[in-house]
Amino acid sequence: MNEQVWSYSGQTYAERPTALRWEGERLEIVEILDRWHSPGEKGFRVRTSDSRVFKLVYDEPGEEWFVELISGPSQ
């Protein structure tokens, strides 16, 4: 899958994700629910404008993003 994440990059790359592409649709990120950093990896749990929650992981050595849908919109 061709996953794409747009992010704000200040002093380092991928400081804060701002949008992602999911199933061909660009979704704006409205809230960062959690974030973590481990050797070689940056991770985020985010909420998009349509209330879906995603896990985003940036693999620093491989320079690629992995996107996983955690939950759909609230009913």
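Quick note: numbers below take in every heavy atom, side chains included, and nothing from hydrogens, waters or symmetry partners.
Interatomic distance, NZ of Lys42 versus CZ of Arg16, reported as 12.0 Å (0.5 Å rounding). Atom-to-atom distance recorded for Glu25:CD and Asp50:CG is 6.5 Å, nearest 0.5 angstrom. Here the OG atom belonging to Ser49 is positioned 12.5 Å from the CD atom belonging to Glu31, to the nearest 0.5 angstrom. For the atom pair CG of Leu20 and CD of Glu28, the computed distance is 9.0 Å after rounding to the nearest 0.5 Å.
When atom types are taken as modelled, the side chain of Thr18 and the backbone of Trp6 share a donor-acceptor pair closer than 3.5 angstrom. At least one donor-acceptor pair closer than 3.5 Å links the side chain of Ser9 to the backbone N or O of Ala14.
Summarising the hydrophobic clusters (Ile, Leu, Val, Met, Phe, Trp, Tyr; side-chain heavy atoms under 4.5 Å, direct or chained), the residues clustered with Leu33 are Val53, Ile70.
Here ring-ring contact (aromatic ring centres under 6.0 Å, His included) pairs that include residues 38-61, with residues two or more places apart or in two chains, are Tyr13-Tyr58, Trp22-Phe54, Tyr58-Trp65.
The salt bridge (charged side-chain N to carboxylate O under 4.0 Å, His left out) test applied to Glu60 returns no partner, not counting sequence neighbours. Arg35 meets the salt bridge (charged side-chain N to carboxylate O under 4.0 Å, His left out) test with no other residue; sequence neighbours excluded. Residues meeting the side chain to side chain contact (heavy atoms under 4.5 Å, CB included) test with Glu68, sequence neighbours left out: Lys55. Every residue two or more places apart in sequence or in another chain was checked for a side chain to side chain donor-acceptor pair (under 3.5 Å) with Glu15, and none qualifies.
Using a 4.5 Å cut-off between side-chain heavy atoms of Ile, Leu, Val, Met, Phe, Trp and Tyr, with links allowed through other members, Val46 and Leu27 fall into the same hydrophobic cluster.
Closest approach of Ile29 and Pro17 over heavy atoms only: CD1-CB, 3.6 Å.
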